[in-house]
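Each residue takes its place number in the sequence, starting with 1.
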Amino acid sequence: MGAPFLITIAAMALLSSLAIASDPSPLQDFCVAINDPKAAVFVNGKICKDPKVVNANDFFFQGFNIPGNTNNPVGSNVTRVLVNNLPGLNTFGISLARIDFAPYGVNTPHTHPRATEVIFAVEGTLAASFVTSNPPNNMKNRLFTKVLNPGDVFVFPEGLVHFIQNLGKTKALAFSGFSSQNPGVNTIANVVFGTEPPISLGVLTKAFQVDKKVIDALEAQFS
């Protein structure tokens with residue numbers, strides 16, 4: 001078995017892995033999702049509505065122009081347009097979000113386990129940042145940050161921790177696009193300090209190298 005053959009097999013394996021790294025391609029014109037929690041069939045996504053009863057409203061979402069309520073501790077609000085509230089997105093591998101910011105508000109550190117995100121700044125001045133995954137040889141994780149003004153675009157790689165901060169004393173607005181109909185979100189603070197049941201204190205005190213009282217105080221914020 002020669003080297004060229006092995007290289008070809010390796011290349012095909014890599015291309016195959018990339019081909020399945022995002023939502024699957026649709027096999028028909030559309031597959032409007034059925035939002036039925038009692039559906040007896042479990043699939044990777046949503047089961048399809050009968051095409052005969054599909055109508056234009058299945059591909060329509062209204063209200064993306066309405067600002068979200070940013071009167072909360074972090075000063076931001078995300079309005080998502082996913083397959084759950086726009087059934088026509090099913091199988092298309094895309095979704096959207098509107099992110100409103102109060103002055104100095106933050107879209108706190110989080111990840112999207114199933115999607116790359118592209119952010120488009122519309123109003124205000126934003127700092128968009130992401131952190132690389134753990135590098136080898138005890139090297140430091142790298143932080144990438146870019147200041148965005150209206151019209152600027154920035155991309156967050158799939159699965160990496162990222163966050164956005166409003167740098168100004170006025171409101172700010174951004175829109176995001178995702179490479180999945182259901183990108184998912186893991187907000188770091190909630191995932192670590194707000195689980196049910198709570199993560200073991202022994203785990204958290206060792207992970208963060210702090211006293212038990214600090215962990216208790218943090219968990220109280222998310223209970």
Side-chain angles (χ1 to χ4, degrees), residues 21-23 33 35 45-46 59-133 141-195 218 221-222:
S22 60
D23 290 355
N35 288 317
K46 300 278 189 179
F59 304 93
F60 176 74
F61 177 88
Q62 194 170 31
F64 220 40
N65 61 315
I66 301 172
N69 182 10
T70 60
N71 185 23
N72 55 60
V74 299
S76 70
N77 184 282
V78 180
T79 303
R80 298 177 176 87
V81 182
L82 311 178
V83 67
N84 288 336
N85 54 5
L86 182 53
L89 285 178
N90 196 39
T91 75
F92 291 160
I94 57 171
S95 55
L96 292 169
R98 173 190 174 119
I99 314 172
D100 290 279
F101 297 87
Y104 306 110
V106 178
N107 181 226
T108 59
H110 61 282
T111 69
H112 299 294
R114 294 180 291 275
T116 296
E117 177 181 1
V118 177
I119 178 175
F120 171 58
V122 178
E123 295 179 23
T125 303
L126 300 167
S129 308
F130 70 87
V131 181
T132 61
S133 55
N141 300 72
R142 292 188 64 189
L143 172 66
F144 292 85
T145 299
K146 187 70 176 177
V147 174
L148 306 182
N149 294 301
D152 291 342
V153 174
F154 194 74
V155 62
F156 300 124
E158 180 174 340
L160 296 187
V161 174
H162 59 280
F163 51 96
I164 311 166
Q165 181 181 12
N166 180 7
L167 299 178
K169 58 184 180 181
T170 60
K171 296 186 294 184
L173 172 65
F175 290 97
S176 287
F178 301 93
S179 63
S180 172
Q181 67 183 36
N182 184 26
V185 59
N186 289 324
T187 304
I188 304 305
N190 300 69
V191 166
V192 175
F193 300 112
T195 62
L218 288 167
Q221 298 294 317
F222 298 94

Any side-chain heavy-atom pair of Lys46 and Asn84 under 4.5 Å: yes
- request: Please list, chain by chain and in numerical order, all residues satisfying salt bridge (charged side-chain N to carboxylate O under 4.0 Å, His left out) with Arg98, sequence neighbours excluded.
  value: Asp100
field: By ring pair (Phe, Tyr, Trp, His ring centres under 6.0 Å) - contacts of Phe144 (at least two apart)
entry: Phe130
- request: Would you check if Val153 and Phe120 make a side-chain contact, meaning some heavy-atom pair closer than 4.5 Å?
  value: yes
- prompt: Under 4.5 Å between any side-chain heavy atoms of Ser76 and Val106, yes or no?
  reply: no
task: Compare every heavy atom of Ala172 with every heavy atom of Gly124, then report the nearest pair and how far apart it is.
output: CA-CB, 4.1 Å
- prompt: Distance from Leu126 atom CG to Ile119 atom CD1, nearest 0.5 Å?
  reply: 6.0 Å
message: Counting neighbours of CG on Asn149 that are heavy atoms of other residues, nucleotides or ligands and sit closer than 6.0 Å, is the number greater than 12?
response: yes
statement: Given the options Ser95, Ser176, Pro157, Glu117 meets side chain to side chain contact (heavy atoms under 4.5 Å, CB included) only with Ser176
statement: Taken to the nearest 0.5 Å, the spacing of Phe60 CZ from Gln62 CD works out to 4.0 Å
query: Short question: side chain of Thr125, backbone of Gly168 - any donor-acceptor pair under 3.5 Å?
result: no
- prompt: Where do Phe222 and Leu218 come nearest, in terms of heavy atoms and distance?
  reply: CD1-O, 3.2 Å
message: Do Pro183 and Leu82 make a side-chain contact, defined as non-hydrogen atoms from C-beta onward lying under 4.5 Å apart?
response: yes
query: Is there a donor-acceptor pair closer than 3.5 Å between any side-chain N or O of Asn77 and the backbone N or O of Thr70?
result: no
- request: Show your working on side chain to side chain contact (heavy atoms under 4.5 Å, CB included) between Leu96 and Phe64 and close with a plain yes or no.
  value: CA-CA 10 Å; Leu96 292 169; Phe64 220 40; 4.0 Å; yes
statement: To the nearest 0.5 Å, atom CG of Leu86 lies from atom CZ of Phe61 at 8.0 Å
Close side-chain approach of Ile94 and Leu89, heavy atoms under 4.5 Å: yes
task: For Asn166 and Asn107, run side chain to side chain contact (heavy atoms under 4.5 Å, CB included): C-alpha distance rounded to whole Å, both residues' side-chain angles, the deciding distance at 0.1 Å, then the answer.
output: CA-CA 9 Å; Asn166 180 7; Asn107 181 226; over 6 Å; no
statement: Heavy atoms of Gly88 and Phe59 approach each other most closely as CA-CD2, 3.8 Å
query: Should the pair His112 and Phe178 be assigned to parallel (<30°), tilted (30 to 60°) or perpendicular (>60°) ring geometry?
result: perpendicular
task: Nearest 0.5 Å please: distance from the CG atom of Asn182 over to the CZ atom of Arg114.
output: 4.5 Å
message: Please give me the minimum heavy-atom distance between Ser129 and Phe156, naming the atom from each residue.
response: O-CE2, 3.4 Å
- request: Please examine the side chains of Phe154 and Ile164, heavy atoms only from C-beta on, and report whether any two atoms are closer than 4.5 Å.
  value: no
task: Look up atom OG1 in Thr108 and atom NE2 in His162, then write down how far apart they are to the nearest 0.5 Å.
output: 10.0 Å
message: On a heavy-atom basis, which atom in Val83 and which in Ala33 lie closest, and how many Å separate them?
response: CG2-CB, 3.9 Å
query: If you round to the nearest 0.5 Å, how far is OG1 of Thr187 from CZ of Phe193?
result: 13.5 Å
- prompt: Within the distance-only criterion (no hydrogens, no angle test), does the side chain of Gln181 pair as donor or acceptor with the backbone N or O of Thr91 below 3.5 angstrom?
  reply: yes
- prompt: If we only count heavy atoms from C-beta on, is the Val185 to Arg80 side-chain gap below 4.5 Å?
  reply: yes
